[in-house]
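The structure appears right after this line, and notes come after that.
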Amino acid sequence: MIKTIYVSGYRAHELGIFNDKHPGIQIIKKAIENELRKLLDDGLEWVIISGGQGVETWTAEVVIELRKEFTFLKYSIITPFLEQEKNWNEVKQQKYSYIIGQADFVTSVTKRPYEAPWQFTEKDKFIIQNTDALLLIYDEENEGSPKYLKRLADKFAENHDYEIIIVNAYDLQVIAEEIQQSDW
């Protein structure tokens, strides 16, 4: 049974998304919602993200909406280091501040500001070891940053009961077509 899930994927810029009005965001959020709804029916209680711009912040927005229906649902933001939003623009910082304010638990794995890329790896290892599954928005033909997380999760799953759920480009295309059909 999956009680806690780590949701991650591409950063917004990796998808060519540079503002909140991009039509791809609606498709990705619907994909996340669909997967979380299935898991909620089976006992999901916690969604874990690390707060990165893109799939993870959109996940927080989906969870905030889902909590209106599933009042028991909680989410946590576990950042790789302190002040990860420090160099973001003001709009992104405001959105992040809102998401942090809605979270049920917030912490940082390394408890200090950015030092080096190893902090991202340590964050991923920590979250994988403390969740039951990973929901990853990821397409192997366009690897990007999620490939590192997928490798860590695959390695962990070799020796542990750990489920990896992938939403790929085909899955997103199907959802895009469903949205288009419903708009007609």
Side-chain angles (χ1 to χ4, degrees), residues 2-15 17-22 24-37 39-40 44-138 144-146 148-149 152-153 165 167:
I2 297 172
K3 288 190 172 286
T4 60
I5 192 161
Y6 180 15
V7 183
S8 192
Y10 297 101
R11 303 291 174 249
H13 69 272
E14 291 179 291
L15 298 170
I17 297 175
F18 300 103
N19 67 57
D20 289 342
K21 292 175 180 43
H22 193 286
I25 296 171
Q26 178 188 8
I27 296 163
I28 292 167
K29 287 171 83 169
K30 186 64 179 166
I32 293 165
E33 178 186 345
N34 290 349
E35 293 299 327
L36 292 180
R37 281 185 177 280
L39 296 167
L40 282 160
L44 180 67
E45 296 173 4
W46 280 89
V47 174
I48 313 300
I49 61 170
S50 67
Q53 293 293 314
V55 168
E56 295 197 15
T57 50
W58 302 325
T59 297
E61 292 170 349
V62 169
V63 170
I64 290 165
E65 279 302 305
L66 283 172
R67 289 202 295 199
K68 294 174 182 171
E69 185 179 341
F70 301 92
T71 55
F72 59 87
L73 182 61
K74 297 180 182 80
Y75 82 94
S76 175
I77 301 174
I78 302 176
T79 66
F81 46 85
L82 298 174
E83 301 172 338
Q84 77 172 347
E85 76 285 4
K86 188 171 78 173
N87 296 322
W88 298 352
N89 71 38
E90 190 176 333
V91 172
K92 288 178 180 174
Q93 283 186 7
Q94 286 174 347
K95 185 176 181 180
Y96 185 72
S97 178
Y98 171 75
I99 289 167
I100 289 276
Q102 298 295 309
D104 296 283
F105 181 76
V106 180
T107 191
S108 168
V109 172
T110 61
K111 307 279 191 262
R112 51 188 185 248
Y114 179 78
E115 292 173 1
W118 65 266
Q119 289 167 297
F120 292 101
T121 305
E122 290 307 307
K123 173 260 306 175
D124 286 336
K125 285 181 188 173
F126 177 83
I127 297 175
I128 289 168
Q129 290 167 3
N130 290 284
T131 53
D132 302 316
L134 169 66
L135 170 57
L136 191 62
I137 309 299
Y138 175 69
S145 64
Y148 303 107
L149 175 55
L152 282 173
I165 304 163
V167 174

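With rounding to the nearest 0.5 angstrom, the CD1 atom of Ile28 is 14.0 Å from the CD atom of Glu33. Between the CD atom in Glu122 and the CG atom in Leu152 there is a gap of 9.0 Å [rounded to 0.5 Å]. A distance of 12.5 Å separates CZ in Arg37 from CG in Leu44, rounded to the nearest 0.5 Å. The distance from the CD1 atom of Ile128 to the CD1 atom of Ile48 is 12.5 Å, given to the nearest 0.5 Å. The line from CD1 of Ile137 to CD1 of Ile32 is 4.5 Å long, rounded to the nearest 0.5 Å. Here the CD-OG distance, from Gln84 to Ser50, works out to 6.0 Å after rounding to the nearest 0.5 Å.
Around the CD atom of Glu90, the shell of radius 6.0 Å holds no more than 12 heavy atoms that belong to other residues, nucleotides or ligands. Counting heavy atoms of neighbouring residues, nucleotides and ligands inside a 6.0 Å radius, atom CZ of Phe70 exceeds 12 of them. In the displayed structure, Lys86 atom NZ is contacted under 6.0 Å by at most 12 heavy atoms of other residues, nucleotides or ligands. More than 12 non-hydrogen atoms from other residues, nucleotides or ligands lie less than 6.0 angstrom from NZ of Lys29.
Judged purely by atom type and a 3.5 angstrom limit, Thr107 has no side-chain atom pairing as donor or acceptor with the backbone of Ile78. Within the 3.5 Å criterion, the main-chain N or O of Gln93 finds no donor-acceptor partner in the side chain of Ser97. Under a 3.5 Å cut-off, the side chain of Thr59 and the backbone N or O of Val7 do not form any donor-acceptor pair. Gln119 places a side-chain N or O within 3.5 Å of a backbone atom of Glu115 that can act as its donor or acceptor partner. Side-chain atoms of Glu14 come within 3.5 Å of backbone N or O of Arg11 as a donor-acceptor pair.
Heavy atoms only, all atoms of each residue included: Ala60 and Ile49 are closest at CB-CD1, 3.8 Å. Nearest heavy atom pair, residue Ile2 against residue Ala133, reads CD1-CB, 3.7 Å. Between Gly51 and Thr57, the closest heavy-atom pair is O-CG2, 3.8 Å.
Checked against the 6.0 Å centroid criterion, the rings of Trp46 and Tyr75 do not qualify as a close aromatic pair.
Note on Arg67 versus Asp104: salt bridge recorded, some NZ/NE/NH1/NH2 to OD/OE distance being below 4.0 Å. A salt bridge between Glu85 and Lys95 is absent, with no side-chain N of the basic residue lying under 4.0 Å from a carboxylate O of the acidic one.
Relative ring orientation between Tyr138 and Tyr10 is described as parallel, the plane-to-plane angle staying below 30° on a 0-90° scale split at 30° and 60°.
Within the 4.5 Å cutoff, no side-chain heavy atoms of Val109 are placed close to those of Pro80.
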Are Tyr6 and Asp132 close enough, and set up right, to give a side chain to side chain donor-acceptor pair (under 3.5 Å), and what steps lead you there?
CA-CA 8 Å; Tyr6 180 15; Asp132 302 316; over 6 Å; no
Begin from the C-alpha positions of Phe81 and Phe120 and carry the test ring-ring contact (aromatic ring centres under 6.0 Å, His included) through to its verdict.
CA-CA 8 Å; Phe81 46 85; Phe120 292 101; 5.5 Å; yes
Going through the checks in order, is the side chain to side chain contact (heavy atoms under 4.5 Å, CB included) test met by Ile165 and Leu134?
CA-CA 6 Å; Ile165 304 163; Leu134 169 66; over 6 Å; no
Between Leu36 and Ile5, does the side chain to side chain contact (heavy atoms under 4.5 Å, CB included) criterion hold? Intermediate values first, please.
CA-CA 9 Å; Leu36 292 180; Ile5 192 161; 4.1 Å; yes
Applying side chain to side chain contact (heavy atoms under 4.5 Å, CB included) to Lys74 and Phe105, what does each step give before you reach the verdict?
CA-CA 8 Å; Lys74 297 180 182 80; Phe105 181 76; over 6 Å; no
